[in-house]
Amino acid sequence: MSGQRDKSGLVGGHDMNRTFVIVGGSIAGLTAAEKLRELTDERIVLVEPDPMRAYDKTALSKDLLIADEMPDIFLRSAAHLDELRIEVRKVSAVALDATGRVVRLSDGSSVSYDRLLIATGASPVIPFPHEADTTIHVVRTHADAEGLRSELRDARRAVVIGGGLIGCEVVSAARHLGVETDIVDSLPGPFQRMLGAAFSQYIEKLQIDAGIATYYGRGVVDVRRGIGDHRFDVELSTGEILHADIIVAGTGVRPETGWLQGSGVDTSLGVVCDSRLSTSLSDVFAAGDVASWPGGPGGELIRLEHWANAAEQGVGAAISMASEKPTGDDWTPGMPHFMTTIHSHRLTVLGHVHGGEIGDPTIHVAVGPNERGLIALYGSADRLVGCATVDQARIAVRLSGLFGRGNSWTESVSIVENHCRIN
Ligand SMILES: Cc1cc2nc3c(=O)[nH]c(=O)nc-3n(C[C@H](O)[C@H](O)[C@H](O)COP(=O)(O)OP(=O)(O)OC[C@H]3O[C@@H](n4cnc5c(N)ncnc54)[C@H](O)[C@@H]3O)c2cc1C
């Protein structure tokens with residue numbers, strides 16, 4: 001069927017009666033469902049196994065761990081999806097038959113699609129050896145965070161493995177609750193991979209000042225049941241043994257693509273998409289943490305693990321799914337960004353940041369007098385492409401206005417130098 005589609009999804013005045021299937025009902029899947037309903041009156045099916053309705057995952061390692069009362073982190077009302085006439089299937093997708101245009105579900109049933117969105121996010125990985133009966137906490141779902149929240153309240157000593165965003169947030173929460181806390185990472189410092197060496201050293205100092213024992217540059221070689229009054233021993237590559245009664249891993253995630261095996265979709269970097277979020281299979285799209293797309297500063301393929309990106313891509317994918325013909329310019333991604341607070345210091349990360357190797361020469365760091373914050377600039381050729389700050393959010397927002405502009409590197413360095421002089 002062809003023709004002009006009006007706002008209610010009618011093409012040439014006829015209801016198209018297509019079925020849109022969305023697999024994954026977190027932020028990317030939810031925003032896609034909402035946008036699709038805005039664009040069409042056709043059938044929308046959302047497949048999501050989590051028993052909770054969609055919630056704010058970013059709160060799982062922050063407010064939810066430290067708040068006295070369990071906070072309400074739901075994104076929408078209980079009736080919301082019903083009101084939008086979205087059919088919800090509380091099961092997992094287990095396989096995709098792209099030839100038959102069918103998604104097979106864990107309860108043995110299946111659902112046929114005209115257009116499919118893959119929004120299955122990512123799942124934690126635990127890459128270090130550990131005895132089978134040691135409980136290693138991860139933080140990805142509401143249930144994970146509830147379990148960690150209740151154990152942290154009784155814990156005396158915690159070992160957190162992984163110095164990325166989630167590991168750093170968990171050590172901050174654990175210290176806030178008065179738990180003796182160690183952090184371990186095989187890299188030389190926290191946020192090293194994402195933000196580089198100089199930024200990393202600054203964050204490590206904040207952690208040490210907060211009373212955290214840091215064990216960077218050491219791998220975990222074993223986690224086993226402890227002897228004596230602590231539950232676990234964590235053995236490091238240096239031979240050091242850390243004692244803990246709670247262990248948390250923030251050791252990265254892998255895109256949730258297992259169910260797509262054999263479907264023919266390109267999963268070489270998560271689910272690979274073009275700029276419309278269309279995959280290598282016809283009428284199959286992807287959005288959020290599971291998807292990569294040519295969104296790098298030079299148009300290279302990137303996969304982000306950011307809340308706002310997932311929300312925006314859900315909307316972008318829905319626009320592509322509902323449109324009859326690819327226009328190539330239906331969706332413009334926003335600037336990658338995230339913010340967090342650790343040990344009462346505000347981190348703001350905007351644009352394309354890249355840690356690279358230690359001493360990456362493209363990283364420029366300016367620290368204001370009295371160490372009232374830090375500003376790191378990330379450049380590509382003569383252009384500013386990203387920045388990261390601690391307790392300097394306003395200048396980060398100002399700098400973001402220069403991203404991608406020719407000669408913006410020199411201009412941004414001079415803005416930062418002036419700012420630090422005035423401060
Ligand atoms: C603890 C934590 C803290 C974070 N903090 C920040 C932050 O401060 N700032 C920031 O920008 N980002 C943060 N993030 C990242 C952000 O939450 C993610 O980028 C975002 O949730 C990605 O959304 P998504 O919908 O793509 O995937 P997800 O939120 O991972 O959701 C995927 C959904 O798919 C479902 N699913 C998986 N497999 C299947 C299947 N086979 N069948 C059906 N459904 C399936 C899952 O149950 C899940 O509900 C944080 C993430 C976590 C876990």
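All ligand and atom numbering here is 1-based and tracks the order in the structure. Side chains included, hydrogens not; waters and symmetry mates left out as well; all remaining heavy atoms used.
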*Asks:* If you measure from atom 7 (C) of ligand 1 to every heavy atom of K57, K62, R89, which option wins on shortest distance?
*Replies:* K62

*Asks:* So, 4.0 Å and heavy atoms of I27: is ligand 1 close enough to count as a contact?
*Replies:*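 Yes, that is the case, since the closest heavy atom of the residue is under 4.0 Å from the ligand.
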
*Asks:* Pick one of side chain, backbone, both or neither for how A122 approaches ligand 1, counting any non-hydrogen atom pair under 4.0 Å.
*Replies:* backbone

*Asks:* Measure the spacing between CD of E180 and NE2 of H243 and express it to the nearest 0.5 Å.
*Replies:*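 Rounded to the nearest 0.5 Å, the CD-NE2 separation comes out at 13.5 Å.
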
*Asks:* For A28, counting its heavy atoms only, list the atoms of ligand 1 lying under 4.0 Å from any of them.
*Replies:*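 Matching atoms, with element in brackets: 25 (O), 26 (O).
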
*Asks:* Would you mind telling me if ligand 1 is within reach of the side chain of W307, the backbone, both or neither, using heavy atoms under 4.0 Å?
*Replies:*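 Under 4.0 Å from ligand 1, W307 contributes backbone and side-chain atoms.
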
*Asks:* Quick check for you: to the nearest 0.5 Å, what is the distance between D289 atom CG and E305 atom CD?
*Replies:* 5.5 Å

*Asks:* Under 3.5 Å between some N or O of ligand 1 and some N or O of V91?
*Replies:* no

*Asks:* Can V290 be said to touch ligand 1, with heavy atoms closer than 4.0 Å?
*Replies:* no

*Asks:* Is the contact between E305 and ligand 1 made by the side chain, the backbone, both, or neither, using heavy atoms and a 4.0 Å cut-off?
*Replies:*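 The part of E305 near ligand 1 is the backbone, not the side chain.
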
*Asks:* Counting only heavy atoms closer than 4.0 Å, does ligand 1 sit against the backbone of L304, its side chain, both, or neither?
*Replies:*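 The answer is neither; L304 stays 4.0 Å or more away.
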
*Asks:* Numbering the atoms of ligand 1 from 1, which are under 4.0 Å from a heavy atom of A310?
*Replies:* 22 (C), 23 (O), 26 (O)

*Asks:* Specify side chain, backbone, both or neither for A145, according to which of its non-hydrogen atoms lie closer than 4.0 Å to ligand 1.
*Replies:*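 A145 to ligand 1: no contact under 4.0 Å from either part.
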
